[in-house]
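As structure tokens, the structure follows; a few thoughts come after it.
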Amino acid sequence: MSTRNLLVELFVEELPPKALKKLGESFSGVLAESLKASGLLGAAARITTFASPRRLAAHITDVANKAADKQVAQKLMPATVGLDANGKATPALVKKLQALGEDESAVAKLRKENDGKADVLFLDATQAGATLQEGLQKALDETLAKLPIPKVMTYQINDGWESVNFVRPAHGLVALHGDEIIPVSTLGLTAGNTTQGHRFEAKTPLVTLVSADSYAQQLADEGAVIASFDARRADIVKQLQAAAGKQGLTPIEDEALLDEVTALVERPNVLLGQFEEEFLAVPQECLILTMKANQKYFPLLDASGKLTNKFLIVSNINPVDASKVIGGNERVVRPRLADAKFFFDQDKKKTLGSRLPGLAKVVYHNKLGSQGERNARVVAIASAIAQQIGPEGFVAKVAQAARLSKVDLLTDMVGEFPELQGIMGRYYAQHEGLADDVAYAIEDHYRPRFAGDALPRSQVGVVVALADKLETLVGLFSIGEKPTGDKDPFALRRQALGILRMLMETELPLTFDSLISLSLSVFEGDADVADAIQAFCLDRLAVNLRDQGASAQEVDAVLSLSLGLLSEVPRRLSAVHAFAALAEAPALAAANKRVSNILKKAEGEVKAVVNEALLHEAAEKALHQALQATKPIADQLFETGDYTGSLQALAVLKTPVDTFFDAVMVNADDPALKANRLGLLATLHQAMNRVADLSKLAS
């Protein structure tokens, strides 16, 4: 059975750039998987993905022209149904065989096999392997059906009557097995061996492909197209670095922008443009955003990270004289920058404080009131937190930053560029001469915005960020707006993780419980809401800690205790991880679980008190002595915050604990002995579970 390389290309009108990478990966991936399922791919098959603005293609090596035949066993029916008392075929069996293309003579070939309940008739047959045309047609249909198309278009095919649905109108189909055309069809197209190159720079209108293997090279040479998304992206990066290096500058890093620009050009050509230096008086975030979002340019930064008046254009054409292309782009960007400058200049004419009344006119949530009402709640929560951790001057700064934190939503600049909320508030606050920690708190109160994002830069910012996220979380929970399944329209999981990260990483002397209670006081919330919020947040924390590499058992051991400060969680988790690696850990964890179960079943309260006079057995005396020697050391290390040392000090208890359970009956007939032994176990339990609930480590 011969194998050759396969090339399949679908030529279309310009594809949506933000979706191109995923479309290309899906096209080649699903096509190969389907061919593999049909038995047409060899074990060493390699897949190469091509995706450009006007094409999706895949090159697959080691593709057979026909799949191998397969031996199949067709289950027919129970033998008692298919055969009569004389072993002759019943009408039901004859009908079944006819449906399979067989006649009554096939009865002699049938095989009986017991399926555990009864004898069943099987027909062993050879199933012909699929031809490449059959397998590729099936694969192509599956591939197009599974493409992650963001929005479908309906258009008429060439006959003028039939309509089809696809991401963009398709105009060409190529299917080459080596140099042989495989006549598959889709979207009103039949496969051939011709495609189109660059709209303006191709040497010929049509590129006739010699074979599947010549595809990329012919498109590059004759069609002026770099068909590979990855190769085109790498070429853009190389050109950006070279062009920027000539100026002694650095292009801004933006992976999403790079992917989008790669999806907009077929053969990139990087050019240098510039704008008037007067626009640099506008905050660079505004200029960078408008150049990236609206024009797809790459702004250039100097060695200190400051924006310059130069930018890079990724053009899709390569004229001998590029001055007109550069000039056209410079003319286009100038009005965008002028708009940004106008918005900035106009916004500075009004103070942030003077805009505060406008928040009352902006709806936040129909059950939670306006942005003005929300702002008042954030100020109340932030001020209450600040009073617990800082002097009057600190409280005043927190209140001021909280009060002004949302006002920039009413500015022209943020109205045009919502992504700049907070950032513009900081600039306008600095323009008014407000303290830097107040200004930066206005910007930073949105942090952390995503996993791995930086925390606010100052304690003022941390308190305002906590208040803002707490108000959102508690407010929405109080009206029943909780995340369900994968639906989280208000990003409450992200808000919860932001709160948890700030409490863990800044080591503020604030307990999570107290913050929830404080925040609930500004709403009409009850204890049930507090419990629901706490369970939700601790669940998010557990997921996050597991994602960072901690085991589920270790996380459960730490979070099972009622923790005071969340800043202790990382240290406790590290201590538990170190303890779990000890040779004594499994036995001690199992013993601790046994002790927990015994104490739970005991009647009444068990106090951690031992009467030495009632210690009769050698094993219980040995355990008591070991605890007297070890517990003070472990407790002292715990009090100094050395959680790892505290747990490791308990390792010496393994032998006396094991001996105790082997030799001592806890539930003695004598009530006094029983109570004393329970007191001994309670002392052990108390010593072992200060850092974490070690019973959770038991398998």
Side-chain angles (χ1 to χ4, degrees), residues 9 11-15 17 20 50-55 57 171-172 194-210 214-252 254 257-277 279 287 290-301 307-337:
E9 182 206 66
F11 183 79
V12 297
E13 294 183 13
E14 277 75 4
L15 292 159
L20 180 64
F50 298 102
S52 81
R54 297 196 295 158
R55 74 197 75 239
H171 297 295
T194 60
T195 186
Q196 297 181 38
H198 196 287
R199 283 189 186 276
F200 311 111
E201 303 198 353
K203 290 181 180 178
T204 58
L206 292 178
V207 177
T208 301
L209 300 172
V210 176
S214 68
Y215 175 73
Q217 195 62 51
Q218 279 192 262
L219 270 181
D221 295 341
E222 301 172 35
V225 171
I226 301 175
S228 167
F229 186 96
D230 291 340
R232 206 163 57 253
R233 191 181 194 273
D235 187 49
I236 292 173
V237 171
K238 182 179 178 181
Q239 290 192 51
L240 288 173
Q241 296 292 348
K246 290 180 181 178
Q247 304 297 316
L249 303 173
T250 304
I252 196 162
D254 189 319
L257 176 63
L258 191 54
D259 282 345
E260 188 174 0
V261 169
T262 301
L264 287 168
V265 297
E266 291 184 305
R267 188 174 68 171
N269 178 33
V270 173
L271 305 170
L272 177 70
Q274 62 182 20
F275 55 84
E276 290 78 0
E277 289 191 0
F279 291 122
L287 305 181
T290 191
M291 282 191 282
K292 291 196 310 182
N294 296 319
Q295 305 304 133
K296 314 305 175 190
Y297 298 154
F298 288 84
L300 292 175
L301 309 177
L307 181 69
T308 68
N309 69 322
K310 296 179 180 179
F311 59 92
L312 296 177
I313 307 150
V314 182
S315 173
N316 194 36
I317 56 175
N318 190 14
V320 176
D321 179 8
S323 60
K324 290 186 178 180
V325 176
I326 295 170
N329 280 278
E330 290 175 341
R331 284 193 299 274
V332 169
V333 77
R334 194 172 292 117
R336 296 282 189 183
L337 302 181

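For Tyr215 (side chain) and Ala57 (main-chain N/O), no donor-acceptor pair under 3.5 Å exists by modelled atom type. Gln196 places no side-chain N or O within donor-acceptor distance of the main-chain N or O of Phe11, the cut-off being under 3.5 Å. Remark: the backbone N or O of Ser228 is not paired with any side-chain donor or acceptor of Arg233 at under 3.5 angstrom. A donor-acceptor contact shorter than 3.5 Å is absent between the side chain of His198 and the backbone of Ile317. Formation of a donor-acceptor pair under 3.5 Å by the Gln239 side chain with backbone atoms of Val270 is found in this model. The backbone N or O of Val207 sits nowhere less than 3.5 Å from a side-chain atom of Gln218 that would complete a donor-acceptor pair. With hydrogens and angles disregarded, a donor-acceptor distance shorter than 3.5 Å links the side chain of Glu201 to the backbone of Asn318. One N or O on the side chain of Asn309 and one on the backbone of Phe275 form a donor-acceptor pair closer than 3.5 Å.
Inspection of the Ser52 and Arg232 side chains reveals no N or O donor paired with an N or O acceptor under 3.5 Å. Looking only at atom types and distance, the side chain of Ser323 has a donor-acceptor partner in the side chain of Asp321 under 3.5 Å away.
Annotation: the span from Leu209 atom CG to Leu219 atom CG amounts to 6.5 Å, rounded to 0.5 Å. A distance of 8.0 Å separates CZ in Phe311 from CG in Leu337, rounded to the nearest 0.5 Å. The distance from atom CG of Leu271 to atom CD of Glu330, rounded to the nearest 0.5 Å, is 10.0 Å. Distance check: Phe298 CZ to Asp254 CG gives 7.0 Å after rounding to the nearest 0.5 Å. Atoms CD and CG, from Gln241 and Leu312 in turn, are 9.5 Å apart once rounded to the nearest 0.5 Å. Rounding to the nearest 0.5 Å places CG of Leu240 at 11.5 Å from CD1 of Ile313.
Looking at Arg55 and Val225, their side chains come closer than 4.5 Å, going by heavy atoms from C-beta outward. Contact check for Val261 versus Pro268: no side-chain heavy atoms found under the 4.5 Å cut-off. Contact check for Val325 versus Pro319: side-chain heavy atoms found under the 4.5 Å cut-off. No side-chain heavy atom of Lys296 sits under 4.5 Å from any side-chain heavy atom of Val314.
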> Does the side-chain contact (heavy atoms from CB on, under 4.5 Å) test come out yes or no for His171 and Glu13, once each step is laid out?
Replying inline: CA-CA 8 Å; His171 297 295; Glu13 294 183 13; 2.7 Å; yes
> Passes side-chain contact (heavy atoms from CB on, under 4.5 Å), Leu20 versus Thr262? Steps please.
Replying inline: CA-CA 9 Å; Leu20 180 64; Thr262 301; over 6 Å; no
> Run the side-chain contact (heavy atoms from CB on, under 4.5 Å) check on Leu301 and Leu307 step by step: do they pass?
Replying inline: CA-CA 5 Å; Leu301 309 177; Leu307 181 69; 4.1 Å; yes
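The existence of a salt bridge linking Glu266 and Arg199 is excluded, since no basic side-chain nitrogen approaches an acidic carboxylate oxygen closer than 4.0 Å.
Heavy-atom minimum distance, Ala263 versus Pro17: CB-O, 3.2 Å. When all heavy atoms of Leu272 and Ile326 are compared, the pair lying nearest together is O-CG2, 3.4 Å. Of all heavy-atom pairs spanning Leu287 and Phe279, the tightest one is CD1-O, 3.2 Å.
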